[in-house]
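Let me begin by presenting the structure, written as structure tokens, before commenting on it.
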Amino acid sequence: MAQVVKLALVGFGRVGRWVAWDLAERGRRIEARYGVRLVLESVITSRGALHRADGLPMDLFRSERLRDHWVPLEEFGWPVDRSRAGLEGVLGSGAQVLIEATPTDLESGQPGLDHALAALGRGIHVVFLNKGPLVVAWRRLREVAGGSGARIKAAGATAAALPAMDLGDWCLAGARIELIEGILNGTTNFILTRMEEGMDRAAALAEAQRRGIAEANPRLDLEGWDTAAKLLILANLLMEAELELQEVPVEGIQTLTAEEVRAARTRGEVVKLLGRAVRRDSRVEAAVRPVVLPVDHPLAGVRETTKAVRLVSDLMGELTVIGGASSPAAAAAAAVKDVINLAREGAVGA
Ligand code: HSE
């Protein structure tokens, strides 16, 4: 008998729609491989919800047109329940796991923060794609989850298909992580690669936007905030850093010129936007800035939209992981991975 895991998806933008499509496409295969049946009970937006207590018919989400473009909920071919819009939907869905895929707001954490607190307070596990709540209110989320026994998963909020969180959480379990360093933003790495080849920043950004990896507000990528958010979440969850975003000096690539990037190359160096968190005595210091690396540095060859993370621990040494696709599909798959792993950890399933 497969374990049944009931899911609610909040937020139905570019990545949220991919989550639904992914569950529809891969649900059978996941059940056969892991013995876990992922049942999507609700898709919740601010305008209303698609809901059925024993699971929505997944054929609703198989259309590529509905997956790839914003369309009103009405077009999915299922009655839209207005009473379940937003927070009401989150509380009333009967789900065991909430996938939080509303847009990231690094100042207020909303609306995802209220969704997550409401869910965690009721013992519903939360799988984050949205970075905002984790950046703004990690301590509160941890306390509320601790009180109810709910778990928090954040692979989709920390470079997604690059397994930065799982590497620290699972592969280095028990070890003390001394340093986290990485190229955590695909958009800026793509722009730096193209600038090195002679393309200007605006054209490279437009291409990253076309590929669907840039933030809705691309300043979050260019000015280093997306890197800082991912670094902060990794440092807080893996190094118990207790960092606030305002404590992290953040410098982006918005003022770098193509000449500077190409000049580094002619000197045998490369410019990379690096996030770095390092343990110093009893505290962790973090910063984001463009750095010039020698071409033989482990992160120098990370190009295009590829990301990478390097972790250094006390007893298990140094690990570098490079790769994982950068795309809405890959981000959605990272959230599905977190749900599968919640079931494998025994946190959910009936
Ligand atoms: N804008 C991000 C990036 C994707 O370019 O890596 C979402 O985290």
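When a ligand or atom number is given, it counts from 1 through the structure's own listing order. All of these numbers come straight from a predicted model, not from anything done at the bench. Note that the numbering runs from 1 along the sequence shown for the chain.
Checking T257 against E260 by side-chain atom types alone, a donor-acceptor pair falls below 3.5 Å. At a cut-off of 3.5 Å, with distance as the only test, no side-chain donor of N341 or E345 sits close to an acceptor on the other residue.
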Identify the protein atoms, limited to N or O, that lie within less than 3.5 Å of an N or O atom of ligand 1, and list each pair with its distance to 0.1 Å.
unit_1	atom_1	unit_2	atom_2	d
ligand 1	1 (N)	I213	O	2.7
ligand 1	1 (N)	E215	OE2	2.8
ligand 1	1 (N)	D221	OD1	2.8
ligand 1	5 (O)	N185	ND2	3.4
ligand 1	5 (O)	G186	N	3.4
ligand 1	5 (O)	T187	N	2.9
ligand 1	5 (O)	T187	OG1	2.6
ligand 1	5 (O)	I213	O	3.3
ligand 1	6 (O)	G186	N	2.8
ligand 1	6 (O)	K230	NZ	3.2
ligand 1	8 (O)	K131	NZ	3.0
ligand 1	8 (O)	K230	NZ	2.9

Do T188 and D221 pass the side chain to side chain donor-acceptor pair (under 3.5 Å) test, and can you show the C-alpha distance, the side-chain angles, and the key distance before you say yes or no?
CA-CA 6 Å; T188 45; D221 296 302; over 6 Å; no
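In this structure, CD in E215 is found 10.5 Å from CG in L222, a value given to the nearest 0.5 Å.
By the salt bridge (Lys or Arg N to Asp or Glu O under 4.0 Å) test, K337 is found to be paired with D166, residues two or more places apart in sequence or in another chain being considered.
L162 and F190 end up in different hydrophobic clusters when Ile, Leu, Val, Met, Phe, Trp and Tyr side chains are linked at under 4.5 Å.
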